[in-house]
Structures are given as structure tokens and as C-alpha cells.
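Shown below is the structure under consideration.
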Amino acid sequence: MFNEITHIHRITNMDAIITRFPPSPTGYLHIGGARTALFNWLYARHNRGKFILRIEDTDVARSTQESVDAIFDALDWLGIDWDDGPYYQSRRFDIYREYIDRLVASGNAYYCTCSSQELEAMREAAKARGENPKYDGTCREKHLLPTEGAVIRFKSPQMGNTVVEDGIRGNIVFSNTEIDDFIIQRSDGSPMYNLAVVVDDITMEVNTIIRGDDHISNTPKQILLYRALGANVPLFGHVPMVLGNDRARLSKRHGAMSVTAYREMGYLPDALLNYLVRLGWSHGDQEFFTREELIEKFSLDHIGKSAGVFNPEKLLALNAEHIRNAAEEKLAPQLLPFLAEKGISADVSSPLLMGAIRTLKPRSKTLIEMADGVEFYFKAPETYEEKGMKKFFKPEGLDPVKQLTDALERTDAFDEKSLEAVFQSIMDASGLGFGKLAQPVRLALTGKTVSPGIFEMIAALGRDETIARLRRAISFMEATGA
RNA sequence: GUCCCCAUCGUCUAGCCCGGUCCAGGACACCGGCCUUUCACGCCGGCGACAGGGGUUCAAAUCCCCUUGGGGACGCCA
């Protein structure tokens, strides 16, 4: 795919790969955009190249500062950093003007005064003829001078082909008859997309463009622009798009599509990154990747060509796996906000938090689930689960629980091994099975019938709190006649 | 409508470029079982795909063509 020949031929500056991510700030950063950013970022990082962030806000009417901030926020959370920028196209109009002037001067562009009604009529006429709807070239040879309200069009060749050498798909041939004289400058003097990107990529020396395959049809136009401007054409790689479960292009109706929504739902950025990159890229049978592995192993030649369906369930499973594999110290700061929501303020590095996280890691698919599971460590139970009480707070269990509590009070070591020995001695003495002893204790400690393993949990909770909770439960049992 | 892209289990994919080792491998989901103090984790097993048709070849998931299906673009949006 990206073979040696292609590299030597296309990229003249051999020592650095320069990629970019150019979002237009018309909303939050969505899943698809994040994936594109990720591919470019990974490719640059893998090759020790440069990654540029550029805000494409030439459409002043639709661009907002809130969107810009939301994009920064999302990229920051994902840990996608940039080496250059952010550039704002809205601040580069002088540069575009200069290049447009060059195009007009060299006869590669011309002024056009056709009205939108006329344009609409042309498209209809072309369609009626069974052709691709396009501008018919009315003003092409008029040599119009700049006038109020005139646009500038690129004079594209009417014969021959333009071929896109795509690093992922190979060559894609377009007949130039399909490419019309597209507008490069609006009547208000602002540049249009195709012109602005090309000028930016030329001036920023971007030599590798990885983007969604919805841009394929723009590519021949851009190549024509590069040539007219006498610039080197960069290497293109069009990655397949992400679809919703109905195989339609991803949109809001497919559920949570903003990157930050996943932060709020308790996902780890590394899990989202892992999922997104695997949607379209593969490395043999490997499914789980750390961020470092991704940088090390990412390459363009294992990007598939077909569109993929976004599967939230697989993302969830991957998130669980990342939680399981993450260090407690790494999870703690990310968990804090979720605990805060429950009114729990914990010290990031407290032994209690570390222990709590350790016991919940294998049973939490999200940080929200983890926060729920961790809650009891910080809040002693105020009530006991109804069906648990009926089942486990029974008279015959009272005595063993008392004995266990006394025994725990006399125990120095509070590690899992010692705790197991203490339990064993009570079981031996009372003749009770493990479950008969463990379940009442679990209920006493957590208020619930479901929790982490009894020994790891007690070890994490600590002696004082464990005994206090057991005593409280004993009084409760005695008071209710259990 | 015109042009372009794509096509392996329900989904993400390995394999395809360099045909035989593939009666197609992994993962998610689902179903069984094991482990077990609860819930998970983990482990074992099951279900499940080369879109269809033509070629080429001793041999095709792999190469070629057609059909069908899906997606994208066609804007004074990006």
C-alpha cells in the first residue's frame, strides 16, 4: 500500500511525515472525527513526524467558539496532542487571497457573475441530459474584471483524467469532464473549502493527508489546484467511514456520538482510542492495545477499505478490559469526579481508595459502575437489603458472626491470607459452611448481597471500619430478633 | 440521475497483494459448562460467514468480468 516507491515519489521531504487534523467548529467532536484525528496523530507519532491542528472556520456563519472549545476539550481528554497550531483559517484570509490572485493572474481562475438561479437551472439542465450536475462554464472565457458580487472559479481542464494515488485504495481515476469549474472564492471575498485546504496544506508543508473517504470526490479538484499552484501533491489515504447500526452514516440518532459523552458515561480515553482504531485498522488478531502499543504498531497498510459499523457493545467490553488492566493510581484521578457526584470526596492516593479500586477493577465495565461499587467503602450501610436480611441475618448465624468479630479484633495482620485463616477457624468451631458465614458478613459490611470477594474487601476496608460495621450489624440483628 | 468507493460469521476483523498449509482463524454479543463465599474475572465448549453468477487454473475466500447489495460525492458547507 504505502510502498517505498510511493514514498520516494510523493514525499520529497524525506525526513518528516507531516499530518494534520482539520475539524470545522460547527459542533462537538464526534466519534468519526476523533477517529480521523487519531489516525493522523498515530501516523505522525509512529513516524516521529509532526501533527498539526487546524480549525477550518471559513464558514463564519456556522462556526462557533463553543465548538472550538469543545474540540480542544475532547482532544485533550483523548490525549491527542499537536505539535503545531491550532491554526485558524479565518485568520489566514490574506494568504488565501494571495494564492487566489496567483491563480487568476496565471489564467487558472476567473471571475463569474452567474446568479444562483442560473446555477440552479444549469444543474437541472445537466441532470436532464443525464450528466453530472455542474457549472456550464458560461463566464469561463468572458475575462470578466472583478466586480461587486462576483465569485472566482477555478478553470479546470476539460479533457484528460486526474488520478488520485491513494495510499489505502490504490489509484482512482476521474475523468476531468466530471470536474466543473468550482468556486474558490465567494462573492463576499472569503475562500472556499477546496482552495483553503490546499493552500494551508501547501504552506504548512503537510505531506500526508488521512481523511474519511467521503472526501474522495474532492481530491481530484484539490490535485488540480496543487498542480496549478506548482506544488507537490501530498500522499492521500482515504479511510472508510463509520456507520451506524442501520448501516447509514453515523449521526445523532445513532445514540451518543460526541466524544465527551463517553467521558461522562465513564469510559477511559484509552479504551475509546483502542476501539476507534480497531474499527478499520488491524494488527493480526490483536484486540487490546495500550496507547504506546498503538503508536508502535500503527501503520497505514493494515487499514481496511470497507465501512464499519460502530458497535457500542464491543466498546463497552473493551472499556472493561482497559479498566481491568489499568493501575489503581491511574484509575483513581479519573474516578474521582464520579465519586464526587455521589457526594464522596476521597483522597486520590489514600490506601482506602486504592484498595477499593483494586477490588472493583474486575467487576466494572465503566467508571460509573466502579463508583457505584466503591461507594460502600466510603459510606457505611444505613439499611440492609431486604431479601438479604431474610436470607442471611438469621439467629443461627448471629453467634458465628460475633465470634468472627471478636477474632478479628484479636488479629494483627489484616491481609487476605490471615483473614482467610480467621474465617476458617470460626467455620471449624461452628461447623458452618463458608457461605453461611460469608454472606451475613458481606451484608453487614456492604448492606448488599453482591460485593467483591470477602477477604480482599475486608483487607481494603481496614480493621476499624470492618469491626465497627460488624458490631452495628450484630446490634441490628439482636434488636430485630434475628 | 451522473461519478466514485466498498463487499469474509449479527457486528469488528485475520487471511486476499505473492492461488494450494482455510470443509476459513480471532474478538464482541448470544447459548451451554467449569471454577466459586455473592457478583464479576478467568477457563472450556457451542452457534455462526467467503453476496450471486460466469470465467482463468490441476487448484480460487484469494486473480478477471458481470450482476446484486451497501456507502459516498455531486453547495457561494467543510
Side-chain angles (χ1 to χ4, degrees), chain A residues 1 3 22-26 56-59 61-63 89 112 114 116 119-120 123 126-134 149-153 164 166 169-170 172-175 177-180 182-188 190 192-194 196-197 212-220 238 240-241 243 245 247-249 275 278-288 301-302 304-318 320-321 324 359-365 369 373 388 392 423 433-439 441-443 446 448-455:
Chain A
M1 302 281 169
N3 55 60
S24 58
T26 53
E56 307 216 326
D57 56 352
T58 54
D59 186 350
R62 296 200 305 158
S63 302
Q89 289 189 326
C112 165
C114 294
S116 45
L119 260 24
E120 186 50 37
R123 286 190 205 105
K127 267 188 184 173
R129 269 179 273 125
E131 287 170 18
N132 183 13
K134 59 189 185 195
V151 301
I152 299 180
R153 288 181 182 275
V164 176
D166 190 289
R169 292 156 206 271
I172 305 169
V173 182
F174 289 86
S175 166
T177 56
E178 292 298 323
I179 304 167
D180 71 351
F182 55 96
I183 295 174
I184 57 178
Q185 183 179 94
R186 297 187 183 89
S187 52
D188 66 0
S190 62
M192 284 282 287
Y193 168 71
N194 282 126
V197 231
D213 67 14
D214 51 331
H215 281 284
I216 288 180
S217 50
N218 279 322
T219 312
H238 288 96
M241 312 204 29
L243 310 177
N245 51 194
R247 295 213 143 266
R249 191 184 182 145
Y275 177 72
R278 272 290 286 115
L279 188 53
W281 174 81
S282 62
H283 184 75
D285 282 339
Q286 190 173 346
E287 298 283 350
F288 182 92
D301 44 39
H302 281 285
K305 297 179 189 171
S306 48
V309 173
F310 181 80
N311 182 349
E313 288 180 340
K314 186 149 183 176
L315 168 57
L316 217 214
L318 212 39
E321 198 173 345
R324 252 179 271 135
T359 65
L360 264 307
K361 276 202 314 191
R363 47 205 110 219
S364 308
K365 286 184 162 65
E369 278 187 26
F392 306 120
F423 268 70
F434 199 42
K436 289 270 189 283
L437 181 59
Q439 283 307 90
V441 170
R442 188 188 311 284
L443 190 61
T446 70
K448 293 179 214 144
T449 54
V450 172
S451 84
I454 207 90
F455 306 127

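Every chain is numbered from 1 and lettered A, B, ... according to where its sequence line falls, protein lines coming before strand lines.
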With rounding to the closest Å, how many angstrom separate the C1' atoms on rU62(B) and rG15(B)?
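After rounding to an integer number of Å, I get 8 Å for this pair.
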Applying the Watson-Crick and G-U wobble criteria at under 3.5 Å, what pairs with rC50(B)? Answer none if nothing qualifies.
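For rC50(B), the partner nucleotide comes out as none, under the 3.5 Å rule.
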Provide, to the nearest angstrom, the distance between the NE2 atom belonging to H283(A) and the P atom belonging to rA27(B).
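Going from H283(A) (NE2) to rA27(B) (P), I get 16 Å.
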Just do the side chain to side chain contact (heavy atoms under 4.5 Å, CB included) check on L318(A) and R278(A) with the steps written out, would you?
CA-CA 11 Å; L318(A) 212 39; R278(A) 272 290 286 115; 5.6 Å; no
Using distance alone, with no hydrogens and no angle criterion, decide if R442(A) and T446(A) have a side-chain donor and acceptor under 3.5 Å apart.
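Absent: no donor and acceptor within the cut-off.
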Show the nearest heavy-atom pair for residues N132(A) and A126(A), with the distance to one decimal.
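Heavy atoms of N132(A) and A126(A) come nearest at O-CB, 3.8 Å.
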Starting at CG of L279(A) and ending at C1' of rA27(B), how long is that distance when rounded to a whole Å?
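Computing the L279(A):CG to rA27(B):C1' distance gives 13 Å.
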What is the distance from CG of L315(A) to P of rU11(B), rounded to the nearest Å?
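About 18 Å, once rounded to whole Å.
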Examine distances only and state if a side-chain atom of Y275(A) and a backbone atom of N311(A) form a donor-acceptor pair shorter than 3.5 Å.
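Checking the backbone N and O of N311(A) against the side chain of Y275(A), a donor-acceptor pair under 3.5 Å is found.
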Over all atoms of both residues, closest heavy-atom pair of D214(A) and M241(A):
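Reported closest heavy-atom pair: CB-SD, 3.5 Å.
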Nearest heavy-atom neighbours spanning T26(A) and R62(A):
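The answer is CG2-O, 3.4 Å.
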What does the B/S/- profile of nucleotides 71-78 of chain B look like, 5' to 3', with a 4.0 Å heavy-atom cutoff to protein?
SSSBSBBB
What interatomic distance, in whole Å, is found between C1' of rA61(B) and the corresponding atom of rU21(B)?
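One C1' to the other, the span is 15 Å.
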How does protein reach along nucleotides 29-39 of chain B, written 5' to 3' as B (base within reach of a heavy atom under 4.0 Å), S (only sugar-phosphate), or - (no contact)?
S-------BBB
H238(A) side, atom NE2; N218(A) side, atom CG - distance, nearest 0.5 Å:
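Reported value, rounded in 0.5 Å steps: 8.0 Å.
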Gap between atoms CZ and P, on R324(A) and rA40(B) respectively (whole Å):
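Taking atom P of rA40(B) as the reference, CZ of R324(A) is at 13 Å.
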Inter-nucleotide P distance (rA14(B), rU8(B)), Å rounded
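Roughly 10 Å separates the two P atoms.
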Can you tell me, in whole Å, how much space there is between the P of rG32(B) and that of rG69(B)?
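Their P atoms lie roughly 39 Å apart.
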C1' gap between rG1(B) and rU57(B), integer Å:
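Pairwise C1' distance, rG1(B) against rU57(B), rounds to 41 Å.
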Length of the line joining H302(A):NE2 and rC17(B):C1', which is rounded to integer Å:
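Answer to the nearest Å: 11 Å.
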Give none if rA14(B) has no partner; otherwise give the nucleotide forming a Watson-Crick or G-U wobble pair with it, both distances under 3.5 Å.
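When the pairing criteria are applied, nothing turns out to pair with rA14(B), so the answer is none.
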Dump the intermediate steps for side chain to side chain contact (heavy atoms under 4.5 Å, CB included) on V450(A) and R363(A), then the final yes or no.
CA-CA 11 Å; V450(A) 172; R363(A) 47 205 110 219; over 6 Å; no
Pairwise 5' ranking along RNA chain B for G304(A) and R129(A), keeping only the more 5' one
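Per heavy-atom nearest nucleotide, the more 5' residue is R129(A).
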Taking rA24(B) as the reference, what is the distance to rA49(B) when you measure between their C1' atoms (whole Å, please)?
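These two C1' atoms come out 9 Å apart once rounded.
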Carboxylate-amine/guanidinium contact E120(A) R123(A), below 4.0 Å:
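Answer for the salt bridge query: yes.
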Starting at atom CZ of F174(A), determine the distance to atom P of rC3(B), rounded to an integer number of angstrom.
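Checked: the CZ to P distance equals 12 Å.
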What integer distance in Å separates E287(A):CD from rG26(B):P?
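To the nearest whole Å, that distance equals 12 Å.
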Closest heavy-atom contact between G149(A) and S187(A)?
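So the minimum-distance heavy-atom pair works out to O-CB, 3.3 Å.
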Which residue lies toward the 5' end of RNA chain B, E178(A) or S364(A), if each is placed at its nearest nucleotide?
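Final value for this comparison: E178(A).
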For a quick test of reading the model, state the closest non-hydrogen atom pair linking L119(A) to C114(A) and the distance between them.
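It is CD1-CB, 3.7 Å.
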With a 3.5 Å limit on both atom pairs, tell me what rC3(B) is paired to, counting Watson-Crick and G-U wobble, or say none.
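rG72(B) is the nucleotide pairing with rC3(B).
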Between rA29(B) and rC44(B), how far is it from one P atom to the other, in whole Å?
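Pairwise P distance, rA29(B) against rC44(B), rounds to 16 Å.
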Please classify rC41(B) as syn or anti, treating any glycosidic angle within 90° of 0 as syn.
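rC41(B): syn.
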Quickly work out the D285(A) CG to rC28(B) C1' distance and round it to whole Å.
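Taking atom C1' of rC28(B) as the reference, CG of D285(A) is at 14 Å.
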Taking atom P in both rC63(B) and rG19(B), what distance in whole Å separates the two?
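Approximately 9 Å lies between the P atom of rC63(B) and that of rG19(B).
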Could you check which nucleotide pairs with rC23(B) in any of the strands shown, counting Watson-Crick or G-U wobble with both distances under 3.5 Å?
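Because no pair has both required distances under 3.5 Å, rC23(B) counts as unpaired.
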